[in-house]
There are 2 protein chains.
Amino acid sequence: MKSHIKANMKISQLAKTTNVASKTIRYYEEIGLLPEAYRNDNGYREYRASDIERLVFIRRCRELKIPLEQIKTLIAVQVDQKSSCQEVDALIAQQLEKVRTTIAELTMLEKTLHALATSCPNDKVGDCQILKNLQQE
Amino acid sequence: MKSHIKANMKISQLAKTTNVASKTIRYYEEIGLLPEAYRNDNGYREYRASDIERLVFIRRCRELKIPLEQIKTLIAVQVDQKSSCQEVDALIAQQLEKVRTTIAELTMLEKTLHALATSCPNDKVGDCQILKNLQQE
DNA sequence: AGTTGACCTTACTGTTACTGGAAGGTTTAT
DNA sequence: ATAAACCTTCCAGTAACAGTAAGGTCAACT
């Protein structure tokens, strides 16, 4: 059961509620991730409680580093309640794969940097081991 | 002992040798990471063997994800052989810290994504657990 | 009534480190 | 002679915003 309160609000209220900056909300609208907001007489955007949901959904996806373009896809799929959620599964799986790959890469990078960081006992640039190591092919 | 061959070359030769795209080399020159290249009569850039070193240095730094601005600093420090390499140490340590932080963040992300990926046994969007989880605050 | 401060609007720029492409000049090989 | 393979500069695009400017609106206080 949804709230019976019809709580219209301006952009900064929505921003506060969802923890998404006003600027970002406008940007999402601009690129079509959010539908064009209703404008009241003075031209201000006006939002209803239901707008909160979609924005929270987007924010959650962004926390998972899902690109905006893919969030668009997720939203599109969501609209058709009867469609298969295979696409959703695949997208999340793919995102997981990307994260794992990045972790693997960064772990190797960490090793290299750690080795480098502990390689120089000198204090003059002239014989700095770090710099010498960085010269190496 | 350096090579005694004075091997002048054009940009694509330098690119091949250092494994840095010609386009990228021009870009580095444009932002002042590389000095302005000597031009021969037809206006083509011409490089000597010694130019390879600096570019390899830059490439190695980039492999370590060191930002171009910081590479500028490293090169500047390098020039003065007598200066302390504290700055170099600090920069590498800082880079290591950044990588470690990112790994930690991504590891948490991986957990969340993994949990999410295995949360949906259905196949209709209407009751897709993944989407429901993404709605949650 | 006037003014301050806190909102709102659009539009433009900057960020990072390149990559792609257009339009045109040069060199090399056939 | 001509075509392929170079080279040049310049402009646009990428991802996801953040910063700033210039200006309109609204509520409260003096």
Side-chain angles (χ1 to χ4, degrees), chain A residues 8-34 36-47 51 54-55 57-75 91 94-95 98-99 102 105-106 109, chain B residues 8-34 36-47 51 54-55 57-75 91 94-95 98-99 102 105-106 109:
Chain A
N8 279 22
M9 53 188 155
K10 280 177 279 185
I11 198 165
S12 71
Q13 181 57 49
L14 180 64
K16 224 172 287 175
T17 308
T18 58
N19 214 18
V20 175
S22 300
K23 199 124 208 197
T24 303
I25 297 174
R26 290 191 202 99
Y27 173 68
Y28 286 166
E29 179 182 325
E30 191 190 321
I31 64 167
L33 191 55
L34 292 175
E36 291 208 9
Y38 169 81
R39 303 298 184 110
N40 69 17
D41 294 348
N42 54 21
Y44 289 12
R45 289 173 180 80
E46 210 159 290
Y47 298 94
D51 291 314
R54 169 167 287 193
L55 201 45
F57 178 80
I58 295 172
R59 203 207 56 207
R60 283 279 293 146
C61 289
R62 289 300 298 139
E63 285 167 4
L64 301 174
K65 306 288 179 195
I66 297 173
L68 296 179
E69 272 311 309
Q70 302 202 353
I71 300 177
K72 272 191 197 173
T73 304
L74 284 178
I75 290 174
L91 203 148
Q94 180 193 325
Q95 187 61 18
K98 265 178 54 186
V99 169
T102 306
E105 284 169 8
L106 288 181
L109 194 53
Chain B
N8 280 23
M9 53 190 154
K10 280 179 280 186
I11 197 166
S12 71
Q13 181 57 50
L14 179 63
K16 222 172 289 174
T17 309
T18 58
N19 215 19
V20 175
S22 300
K23 203 121 206 201
T24 304
I25 297 175
R26 288 191 203 99
Y27 172 69
Y28 287 167
E29 180 182 325
E30 190 190 322
I31 63 167
L33 191 55
L34 292 174
E36 290 206 8
Y38 168 82
R39 304 298 185 109
N40 70 15
D41 295 348
N42 53 23
Y44 289 11
R45 288 173 180 80
E46 210 159 290
Y47 298 95
D51 291 313
R54 169 167 288 192
L55 201 44
F57 177 81
I58 294 172
R59 203 208 56 210
R60 284 279 294 143
C61 288
R62 288 301 298 138
E63 285 167 5
L64 301 175
K65 305 290 179 192
I66 296 172
L68 296 179
E69 272 310 309
Q70 302 202 352
I71 300 177
K72 271 191 196 172
T73 304
L74 284 178
I75 290 174
L91 202 148
Q94 179 194 325
Q95 187 62 19
K98 265 178 53 186
V99 168
T102 307
E105 285 169 7
L106 288 181
L109 194 54

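Letters A, B, ... mirror the listed sequences (proteins, then strands); counts begin at 1. Remember, predicted model here, so these are calculated numbers, not experimental data.
The two atoms that bring B:Phe57 and B:Ile71 nearest to each other are CE2-CG2, 4.4 Å, heavy atoms only. For A:Ile66 against A:Gln70, the heavy-atom pair with the smallest separation is CG2-CB, 3.7 Å. Considering every non-hydrogen atom in both A:Leu64 and B:Leu109, the closest pair reads CA-CD1, 3.5 Å.
Rounded to whole angstrom, the span from the CD atom of A:Glu29 across to the C1' atom of C:dA11 amounts to 15 Å. At whole-Å resolution of the value, CZ in A:Arg26 and P in C:dC8 are 7 Å apart. Between A:Met9 atom CE and C:dC7 atom P there is a gap of 16 Å when expressed in whole angstrom units. In this entry the distance linking CD1 of A:Ile25 with C1' of C:dT10 reads 17 Å, nearest Å. Here C:dC8 presents its P atom at 14 Å from CG of A:Asn8, a figure rounded to the nearest Å. In this structure, the CD1 atom of B:Ile31 is 18 Å from the C1' atom of D:dT9, given to the nearest Å. Regarding B:Asn40, its CG atom lies at a distance of 13 Å from the C1' atom of C:dG25, rounded to whole Å. C:dC8 atom P lies 12 Å from atom CD of A:Glu46, rounded to whole Å.
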| What string of B, S and - do you get for nucleotides 14-19 of chain C, 5' to 3', if B is base contact, S is sugar-phosphate-only contact and - is no contact with any protein heavy atom under 4.0 Å? | ---BBB

| Residues A:Tyr28, A:Ile58; criterion side chain to side chain contact (heavy atoms under 4.5 Å, CB included); working and verdict | CA-CA 10 Å; A:Tyr28 286 166; A:Ile58 295 172; 3.6 Å; yes

| task | For side chain to side chain contact (heavy atoms under 4.5 Å, CB included), just list the numbers for A:Arg62 and A:Arg59, CA-CA rounded to whole Å, side-chain angles, deciding distance to a tenth of an Å, and then say yes or no. | result | CA-CA 5 Å; A:Arg62 289 300 298 139; A:Arg59 203 207 56 207; 5.5 Å; no

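Contact annotation: A:Arg39 reaches the phosphate of C:dT10 (side-chain N/O to OP1 or OP2, under 4.0 Å). Residue B:Ser12 has no polar side-chain atom (N or O) positioned under 4.0 Å from OP1 or OP2 of D:dA5.
A:Ile11 comes within contact range of the sugar-phosphate backbone alone, with a heavy-atom separation under 4.0 Å but no base atom that close. Using a 4.0 Å heavy-atom criterion, one finds that B:Arg45 contacts the sugar-phosphate atoms exclusively.
Defining each end axis of the helix from C:dA1-D:dT30 to C:dT30-D:dA1 as the rotation carrying four pairs' C1' atoms onto the next four, with five pairs an end, the two axes are found to diverge by 30° to 10 degrees.
Taking CG from A:Leu91 and CG from A:Leu74, the interatomic distance works out to 5.0 Å, rounded to the nearest 0.5 Å.
Residues B:Ile11 and B:Tyr44 form no side-chain contact, since every pair of their non-hydrogen atoms from C-beta on lies 4.5 Å or further apart. Taking 4.5 Å as the limit, every side-chain heavy atom of B:Ser22 sits out of range of all side-chain heavy atoms of B:Gln13.
Salt-bridge formation is not detected for the pair B:Glu29/B:Arg26: no Lys NZ or Arg NE/NH1/NH2 atom is positioned less than 4.0 Å from an Asp or Glu carboxylate oxygen.
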Under-3.5 Å N/O pairs linking protein and nucleotides 27-30 of chain C:
| residue | atom | partner | partner atom | Å |
| --- | --- | --- | --- | --- |
| C:dT27 | OP1 | B:Asn42 | ND2 | 3.1 |

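Environment of NZ in A:Lys72: crowded, with over 12 heavy atoms of neighbouring residues, nucleotides or ligands closer than 6.0 Å.
Of the residues A:Val20, A:Leu33, A:Leu34, A:Leu68, the one that meets the side-chain contact (heavy atoms from CB on, under 4.5 Å) test with A:Tyr27 is A:Leu68. For the side-chain hydrogen bond (donor to acceptor under 3.5 Å, both in side chains) criterion with B:Asn40, the lone passing option out of B:Lys10, B:Glu46, B:Arg45 is B:Glu46.
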